[in-house]
Amino acid sequence: MKLSIIIVNYNVTRLLRNCLLSVQKYTEGEDYEVIVIDNASTDTSWGDLIPEFPKIHFISSEHNEGFAVANNKAIKTAAGEYVLLLNPDTELEGYYMKDILDFADSKPDFGCLGVRMHDAEGNFLPESKRSVPDMFNSFEKLFTNFKRSNSKSYYRSDIDETAVAEADVVTGAFLLIRKEVYEKIGGLDETYFMYGEDIDLCYTLLRNGYKNYYYGKASLLHHKGESTIKDEVYLDRFYGAMQIFIDKYYRESKPMQYSFLKAGLRLRHKIEKIKLK
């Protein structure tokens, strides 16, 4: 089998159904499987999708142990040469899967690949292509709206939206990787509950000699925010994930950057919490 599509669901049955319909439409004729793992949703209506999509393998988790754990669990059952991590709040928008897989096959050093994402209003989502966080681009991300037109920019503003190019970091909402490589580097780091694990995975690939790619010829609708409640729990998880990343990679090797980033994260976290009140 060529491809296993892995979708982690949590309380978004309507969005999941639309996602599955788009996969069903745009992967027709491909050698693939879909594995949906429900992360202990409190809304059990996802079960209604099982008879509607009889060819899909549904897995039910007893506990919500996070995005990384769920993906790693599902991928253990995957039969595909490649695995595609796909958010349930996304929709494929074209018959580009074969082109993407052919592109991946052509790269002996292939790490992972992401595509051009936009929201429901058609606005391009800049997290489609990013740099590895460092002291300089993190300041840009956390405290300014300034976008630099060079490779140090957090959102890689030097790469055109529709280009095909190497990019350090792509998003876990759509992330294609060889299963063999995924397993070789240890999969998603389960220290992360949600957020940050895609950055960590991409950085791990780079550190192991692989190259990551942004494929702007393919587009993906991402209903960004519709499946996430922006409350204090969200903020704690988001900024907590960034703290895990800098603890892991910068605490000992780059102490100056670590101190700067730690202070910046704490300050921005406090500012965002104040905005909620």
Side-chain angles (χ1 to χ4, degrees), residues 3 5-28 30 34 36 67 71 82-104 112-133 137 140-141 144-151 153-177 194-199 201-202 212-230 234 238:
L3 176 66
I5 300 174
I6 313 297
I7 304 173
V8 178
N9 177 66
Y10 183 73
N11 288 338
V12 288
T13 300
R14 178 182 61 82
L15 294 172
L16 172 60
R17 182 178 185 274
N18 290 337
C19 176
L20 294 176
L21 287 172
S22 76
V23 169
Q24 186 174 268
K25 176 179 179 180
Y26 289 115
T27 56
E28 185 177 358
E30 299 298 326
V34 179
V36 174
F67 182 79
N71 272 293
Y82 287 89
V83 291
L84 172 64
L85 309 187
L86 186 66
N87 268 24
D89 58 355
T90 64
E91 296 177 34
L92 305 186
E93 293 188 314
Y95 298 97
Y96 48 69
M97 199 61 69
K98 184 179 185 302
D99 291 338
I100 287 174
L101 291 168
D102 287 345
F103 176 84
C112 68
L113 175 148
V115 298
R116 173 169 46 90
M117 301 191 305
H118 65 87
D119 63 19
E121 284 70 48
N123 301 307
F124 173 70
L125 297 177
E127 62 267 29
S128 301
K129 49 182 176 64
R130 290 169 285 174
S131 297
V132 174
N137 62 38
E140 169 196 347
K141 161 70 172 171
T144 76
N145 291 318
F146 178 65
K147 301 292 186 294
R148 289 175 291 170
S149 58
N150 58 61
S151 61
S153 167
Y154 184 79
Y155 288 126
R156 291 304 303 266
S157 52
D158 60 315
I159 300 175
D160 187 79
E161 290 178 23
T162 59
V164 176
E166 290 183 31
D168 292 344
V169 177
V170 297
T171 176
F174 183 111
L175 190 149
L176 180 74
I177 184 172
M194 185 178 291
Y195 311 112
E197 62 282 301
D198 51 355
I199 300 174
L201 181 70
C202 290
N212 304 328
Y213 297 91
Y214 169 71
Y215 197 90
K217 291 182 180 179
S219 66
L220 182 79
L221 171 59
H222 187 190
H223 296 281
K224 187 179 178 183
E226 290 192 31
S227 59
T228 303
I229 299 174
K230 301 297 178 62
Y234 161 79
F238 179 82

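The side-chain heavy atoms of Asn87 and Phe67, taken from C-beta on, include a pair separated by under 4.5 Å. Using a 4.5 Å heavy-atom cutoff, the side chains of Val169 and Asp198 are not in contact. At a threshold of 4.5 Å between non-hydrogen side-chain atoms, the residues Glu197 and Leu201 do not count as touching. In this structure the side chain of Asp99 never reaches within 4.5 angstrom of the side chain of Lys217, judged on heavy atoms. For the pair Leu220/Leu92, a side-chain contact is recorded, criterion being any heavy-atom separation below 4.5 Å from C-beta on.
Side chains of Thr171 and Glu127: a donor-acceptor N/O pair is absent below 3.5 angstrom, by distance only.
Screening Leu85, Asn71, Leu86 for a side-chain contact (heavy atoms from CB on, under 4.5 Å) with Val8, the sole residue that qualifies is Asn71.
Within the 3.5 Å criterion, the main-chain N or O of His222 finds no donor-acceptor partner in the side chain of Asp89. Side chain of Arg130 to backbone of Val170: a donor-acceptor contact under 3.5 angstrom is found. A donor-acceptor pair is defined here as one N or O able to donate and one able to accept, closer than 3.5 Å; such a pair exists between the side chain of Tyr214 and the backbone of Glu161. Put simply, the side chain of Ser128 never gets that close to the backbone of Arg116: no donor and acceptor are under 3.5 Å apart.
Nearest approach of Ile100 to Ala218, heavy atoms of both residues: CD1-CB, 4.1 Å. The shortest non-hydrogen separation linking Cys202 to Asp168 is CB-O, 3.4 Å. Residues Asn9 and Thr13 come closest through the heavy atom pair OD1-N, 4.3 Å. Considering all non-hydrogen atoms of both residues, Tyr154 and Pro133 come closest at CE1-CG, 4.1 Å. Minimum heavy-atom separation, Arg156 to Lys129: O-NZ, 2.9 Å.
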Next on the checklist: Before you tell me yes or no, could you show the steps for Leu176 and Tyr215 under side chain to side chain contact (heavy atoms under 4.5 Å, CB included), namely the whole-Å CA-CA distance, both residues' side-chain angles and the distance that decides it to 0.1 Å?
Outcome noted: CA-CA 11 Å; Leu176 180 74; Tyr215 197 90; over 6 Å; no
Item to check | Candidate pair Thr90 and Phe174, rule side chain to side chain contact (heavy atoms under 4.5 Å, CB included), full reasoning | outcome: CA-CA 8 Å; Thr90 64; Phe174 183 111; over 6 Å; no
Checklist entry - Could you go step by step and tell me if Ile7 and Cys19 meet the side chain to side chain contact (heavy atoms under 4.5 Å, CB included) rule? => result CA-CA 9 Å; Ile7 304 173; Cys19 176; 3.9 Å; yes
Checklist entry - So Glu93 and Val115, side chain to side chain contact (heavy atoms under 4.5 Å, CB included) or not? Walk me through it. => result CA-CA 11 Å; Glu93 293 188 314; Val115 298; over 6 Å; no
